[in-house]
Amino acid sequence: MKLLVGLGNPGSKYSNNRHNVGFMALDRIAEVNGLGKWRTRFHSFALEGELGGERVLLIKPQTYYNDTGNAVREAAKFLKIKIFDIIVFHDEIDLAPGKLRIKIGGGLAGNNGLRSMQAQLSSPDFTRVRIGVGHPGDKNRVAGYVLQDFSKADLGWLDVMLDAIAGSVGRLVAGETERFQTGVAQAMVNLHKPDNGDTAQAVQNRGAHHPSSGRPPAASSAKKPTAKSPAQKPAGARKPGERGGAPRPVGSPSQLQLAQLQSVKADAGKRRKASRKIKKGIQGEDGDTSPMTAKESETVELAANPLAARLKRWFSGETNNS
């Protein structure tokens with residue numbers, strides 16, 4: 001059997017303090033894993049269940065933080081739990097907020113709750129789950145800092161970390177401490193990934209669920225941005241760097257063909273003009289018109305049609321003189 005201990009102070013006055021993150025962790029473990037209701041036992045709120053294939057007892061000592069050892073010793077003695085089967089969840093000011101580390105034995109870094117446990121159990125060789133809450137920057141401010149509530153800025157990462165602890169605790173109980181620590185660390189990395197689909201507002205929405213409230217975190221209402229369809233280009237629009245305008249429809253004349261056609265039309269117009277003058281006569285300088293003689297008509301027609309003039313000269317034998 002494993003004994004899971006959360007460090008904290010009893011009463012609603014302290015429930016949201018940084019010092020009570022151990023209580024918060026056990027509350028989330030019980031909630032996520034459906035371990036039932038707390039009852040009073042061993043001067044604690046206690047809860048029995050099964051995690052990772054092991055029987056476990058969760059306790060939140062009600063003897064105040066600095067006297068935690070008495071409750072832990074009583075539970076361990078009654079249930080014959082060995083020192084290396086005790087796992088303690090507590091706040092750690094020497095770790096940045098959002099960081100978690102596992103430690104077995106070693107120094108206690110001035111933590112009075114751990115000191116009390118060491119004194120009552122005659123050994124510090126229990127497993128410690130150190131949950132980083134940050135340092136105020138001045139050792140004289142530490143006592144006031146840990147007895148303050150978590151700030152609103154902390155609630156987002158804290159909620160994610162508590163869920164990760166509760167989801168991976170079976171590995172911890174089974175002795176897979178490295179896998180447990182890696183699972184929690186990965187959850188915190190995913191929280192800060194820019195491509196995880198969460199907006200800053202979504203993270204804040206998760207933080208709005210306080211970890212000690214006993215309610216599951218609200219689903220994020222932030223919608224993922226949808227990809228906009230590219231703007232439709234007008235038919236025949238040029239692409240960047242493309243020469244020319246819209247593509248020429250199949251079968252339509254080219255620019256050269258259009259120019260030749262205009263030239264042919266102009267020539268035809270000249271011939272029609274000359275023909276009308278031949279029929280109606282030539283207008284004189286005084287404005288009168290007189291019928292043209294056959295000779296004049298022929299001269300005008302030949303002038304309007306150079307090809308006809310050349311043919312006439314050829315037939316008449318004038319080619320050599322031209």
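In this text, all values refer to a predicted model and were calculated from it rather than measured experimentally.
- Taking 4.5 Å as the limit, every side-chain heavy atom of H90 sits out of range of all side-chain heavy atoms of I131.
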(message) I165 vs L100, test: side chain to side chain contact (heavy atoms under 4.5 Å, CB included). Steps then yes/no.
(response) CA-CA 10 Å; I165 289 172; L100 180 145; 3.7 Å; yes
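- Using a 4.5 Å heavy-atom cutoff, the side chains of F45 and L26 are not in contact.
- In this structure, the side chain of N66 does not engage the main chain of N112 through any donor-acceptor pair within 3.5 Å.
- Evaluation of the side chain to side chain donor-acceptor pair (under 3.5 Å) test over residues 70-80, restricted to residues two or more places apart or in two chains, returns H43-E74, D67-N70, N70-Q120, R73-Q120.
- Counting non-hydrogen atoms of other residues, nucleotides and ligands closer than 6.0 Å to CZ of R141 gives a total of 12 or fewer.
- Side-chain contact between E48 and V56 is absent, with no heavy-atom pair separated by less than 4.5 Å.
- The two residues L58 and W38 make their nearest non-hydrogen contact at O-CZ3, 3.6 Å.
- Between the OG atom of S168 and the CD1 atom of I29 there is a distance of 10.0 Å, given to the nearest 0.5 Å.
- Across all their heavy atoms, S44 and A71 have their closest contact at OG-CB, 3.4 Å.
- Grouped by direct or indirect side-chain proximity (heavy atoms under 4.5 Å, Ile/Leu/Val/Met/Phe/Trp/Tyr only), L108 sits with M1, L3, V5, L7, F42, L57, I59, Y65, V72, F78, L79, I81, I83, F84, I86, V88, L114, M117, L121, F126.
- Ion pairing between K2 and E50 fails under the 4.0 Å rule for side-chain N and carboxylate O.
- Annotation for G8 and N20: closest pair CA-OD1, 3.5 Å, computed over non-hydrogen atoms.
- In this structure, N33 contributes its side chain and L35 its backbone to no donor-acceptor pair below 3.5 Å.
- Side-chain contacts under 4.5 Å among hydrophobic residues (ILVMFWY), followed directly or transitively, place I104 with no other residue at all.
- The side-chain hydrogen bond (donor to acceptor under 3.5 Å, both in side chains) check on R179 picks up E176, with sequence neighbours excluded.
- Hydrophobic clustering (side-chain heavy atoms under 4.5 Å, transitive across Ile, Leu, Val, Met, Phe, Trp, Tyr) keeps L95 apart from V184.
- Nearest heavy-atom pair across D91 and H19 is OD2-ND1, 2.9 Å.
- Hydrophobic clustering (side-chain heavy atoms under 4.5 Å, transitive across Ile, Leu, Val, Met, Phe, Trp, Tyr) keeps V32 apart from L172.
- With contacts defined as side-chain heavy-atom distances shorter than 4.5 Å, the pair V173/F180 does not qualify.
- R28 approaches A166 most closely through the heavy-atom pair O-CB, 3.6 Å.
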(request) I would like to know whether M24 and L162 meet side chain to side chain contact (heavy atoms under 4.5 Å, CB included); could you show each step before the answer? (result) CA-CA 8 Å; M24 295 176 190; L162 293 176; 4.1 Å; yes
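- The closest donor-acceptor contact from the side chain of S123 to the backbone of D125 lies under 3.5 Å.
- By the 4.5 Å side-chain criterion applied to Ile, Leu, Val, Met, Phe, Trp and Tyr, V189 is assigned to no cluster and stands alone.
- Distance check, rounded to the nearest 0.5 Å: CZ of F150 to CG of D159 gives 11.5 Å.
- Interatomic distance, I102 CD1 to R128 CZ, rounded to the nearest 0.5 Å: 10.5 Å.
- Between atom CG of residue D154 and atom CE of residue M161 there is a gap of 11.0 Å, rounded to the nearest 0.5 Å.
- Heavy-atom minimum distance, P124 versus G106: CB-O, 4.1 Å.
- Side-chain contact between H135 and E92 is absent, with no heavy atoms from C-beta onward closer than 4.5 Å.
- Under the 4.5 Å side-chain criterion, counting only non-hydrogen atoms from C-beta, T127 is not in contact with D85.
- Sorted by first then second residue, the salt bridge (Lys or Arg N to Asp or Glu O under 4.0 Å) pairs that include residues 96-121, not counting sequence neighbours, number zero.
- From D163, atom CG reaches atom CG of L191 across 11.0 Å, with rounding to the nearest 0.5 Å.
- The cationic group of R18 lies under 6.0 Å from the six-membered ring centre of Y145 and within 45° of the ring axis, placing it in a cation-pi geometry.
- A side-chain donor-acceptor contact under 3.5 Å links N17 to the backbone of L147.
- In summary, D94 and R130 do not engage in a salt bridge, as defined by a charged side-chain N under 4.0 Å from a carboxylate O.
- In this structure, K60 forms a cation-pi arrangement with F23, its terminal cationic atom sitting closer than 6.0 Å to the ring centre and no more than 45° off the ring axis.
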